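Okay, so here's the structure we're looking at.
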Amino acid sequence: MLAVRRMEEKAAQLYTQQKIRGFLHLYIGQEAVGMGIEAAIRPEDYVITGYREHGNAYFRGIPMREILAELMGKATGCSRGKGGSMHMFSTAKRFLGGHGIVGGQIGLGTGAAFAIQYRQEDLISVTMFGDGAARQGILHECFNMAMLWKLPVVYVCENNQYAMGTSVSRSSNVTEIYRIACAYDMPSEPVDGMDVRVVYEAMKRAAEHARSGKGPYFLEILTYRYRGHSMSDPAKYRTREEVEQYKEKDPIARLQSYLYESNLATPEEFDRIEEEIAAEVAEAVAFAEASPYPSAEQLYEDVYVQSDYPFLRE
Ligand SMILES: Cc1ncc(C[n+]2csc(CCOP(=O)(O)OP(=O)(O)O)c2C)c(N)n1
Ligand SMILES: [Mg+2]
């Protein structure tokens with residue numbers, strides 16, 4: 001969680017230096033969601049999410065240097081410098097992206113779950129999306145089919161309270177998003193996303209359910225993004241007090257206190273972790289800066305796949 005936070009703080013800096021261009025949606029504040037989920041699943045399972053995905057990419061095991069290189073549009077990036085912030089992807093790490101179409105990944109993740117079932121694999125598809133995406137029509141078609149066919153999918157709504165500048169209560173009268181699943185008899189629950197241990201426990205339950213052939217499970221994970229929607233967000237739709245209130249529940253600080261209180265870690269160990277991460281970030285930035293941009297010819301590569309079922313057949 002700390003590595004992702006420091007990586008993104010660096011990314012914000014690189015953005016102001018115009019070394020990163022285009023969109024940049026930071027995950028700062030939400031780290032416990034991605035981390036708790038990753039800790040509760042297997043590396044072979046599939047994860048798919050929206051465009052706020054630098055953290056998920058890192059948790060899946062994509063090296064920080066490849067993430068920063070991708071952000072800078074370099075050929076050594078995990079999407080060869082042609083995806084950028086919103087389109088990170090790794091076949092090897094079973095990370096299916098990184099998607100800019102709000103809610104589009106709900107269909108893709110449900111499709112991955114269908115493939116798993118069709119091929120009789122012992123895997124699950126973790127399909128993540130935002131509170132804004134939860135209002136897209138595709139969610140209902142997917143929930144219906146996934147329940148009908150008992151697909152091995154865990155749907156995760158990361159409710160960070162806003163879709164760009166629109167609060168949850170401005171977009172629907174049903175503000176408890178987990179209740180949407182009730183219409184399909186899909187088990188669901190709200191989860192405190194500011195506590196990584198709570199996320200982990202909930203995801204364990206959900207993953208076990210989906211893996212055992214009982215069908216989908218829906219978690220609404222309540223979280224908060226400290227930064228604007230993207231780098232160009234004046235954030236006029238919320239108060240400074242509201243942001244401060246959430247920062248007091250910071251997931252990293254919370255875990256840190258728990259570890260100290262339970263005598264599981266010392267401040268010295270934390271200092272060492274900070275130092276290691278600082279070195280990791282510095283190395284990743286140096287690597288990305290020294291890397292070349294893709295060549296003009298490479299513009300035409302990776303546009304269409306060469307063989308069928310590329311990510312499922314690796
Ligand atoms: C289909 C579609 N409609 C609109 C947009 C513009 N858009 C980009 S992000 C966003 C808000 C989505 O909010 P949410 O799902 O809560 O995710 P968060 O940004 O909070 O992680 C919108 C409307 C888009 N990218 N795709
Ligand atoms: Mg949101």
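Remember, it's a predicted structure, so these values are computed and weren't measured experimentally. Each ligand, and each atom within it, is numbered from 1 in the order the structure gives.
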* Is it the side chain, the backbone, both or neither of N160 that has a heavy atom closer than 4.0 Å to ligand 1? -> side chain
* Asked: Would you call E276 and R272 a salt bridge, taking side-chain N to carboxylate O under 4.0 Å as the test?
  -> yes
* Asked: For ligand 1, is any non-hydrogen atom under 4.0 Å from H25's backbone (N, CA, C, O), its side chain (CB onward), both, or neither?
  -> neither
* Structure fact -> Short version for E158: what comes under 4.0 Å of ligand 1, heavy atoms counted, is neither
* R65 to F287, cation-pi by 6.0 Å centre distance and 45° axis angle -> yes
* Would you please indicate if the ring centroids of Y260 and F270 are separated by under 6.0 Å? => yes
* Looking at the Mg ion (ligand 2), is one of the N, O or S atoms of D131 less than 2.8 Å from it? -> yes
* Asked: Nearest protein heavy-atom contact for atom 1 (C) of ligand 1: which residue, which atom, what distance?
  -> Q136 NE2, 3.5 Å
* So, Y162 and R238: side-chain donor and acceptor under 3.5 Å apart, yes or no? -> no
* Asked: How far is atom 21 (O) of ligand 1 from its nearest protein heavy atom, and which residue and atom name does that atom have?
  -> R52 NE, 2.9 Å
* Option with minimal heavy-atom separation from atom 12 (C) of ligand 1, where the choices are F23, Y51, Y162 -> Y51
* Would you say Q161 has an N, O or S atom lying under 2.8 Å from the Mg ion (ligand 2)? -> no
* Among all protein heavy atoms, pick the one closest to atom 15 (O) of ligand 1 and tell me residue, atom and distance. => A133 N, 2.9 Å
* Structure fact -> Nearest non-hydrogen contact to atom 16 (O) of ligand 1 from the set G132, A134, S171 belongs to G132
* Answer yes when R80 and E301 have at least one side-chain N-carboxylate O distance shorter than 4.0 Å, and no when they do not. => no
* Could you tell me whether any N, O or S atom belonging to N159 is less than 2.8 Å from the Mg ion (ligand 2)? => no
* Asked: Is there side-chain contact between V4 and H54, with heavy atoms separated by less than 4.5 Å?
  -> no
* **Identity of the nearest option to atom 8 (C) of ligand 1, non-hydrogen atoms only, from V102, V168, I138, L26** => V102
* Y27 side chain to G34 backbone, donor-acceptor under 3.5 Å -> yes
* Given the rule in the side-chain contact (heavy atoms from CB on, under 4.5 Å) test, do D195 and R254 qualify, once you have shown the distances and angles that lead to the verdict? -> CA-CA 7 Å; D195 188 336; R254 199 151 154 187; 3.6 Å; yes
* Asked: To which protein heavy atom is atom 22 (C) of ligand 1 closest, and what is the distance rounded to 0.1 Å?
  -> M164 SD, 3.4 Å
* Short list, please: which atoms of ligand 1 are under 4.0 Å from a heavy atom of A163? -> 11 (C), 12 (C), 13 (O), 16 (O)
* Taking the six-membered ring for Trp, is the centroid-to-centroid distance between F23 and H25 below 6.0 Å? -> yes
* Does the side chain of T239 come under 3.5 Å of the side chain of E242 through a donor N or O and an acceptor N or O? -> no
* Asked: Any side-chain donor-acceptor pair under 3.5 Å between T49 and H99?
  -> no
* At a 4.0 Å threshold, what atoms of ligand 1 neighbour a non-hydrogen atom of H229? -> 9 (S), 19 (O)
* To do: Would you mind running through ligand 1 and noting each atom that sits below 4.0 Å from a heavy atom of G130?
  => 14 (P), 15 (O), 16 (O), 17 (O)
* Asked: Out of curiosity, is G100 lining ligand 1, as in a heavy atom under 4.0 Å away?
  -> yes
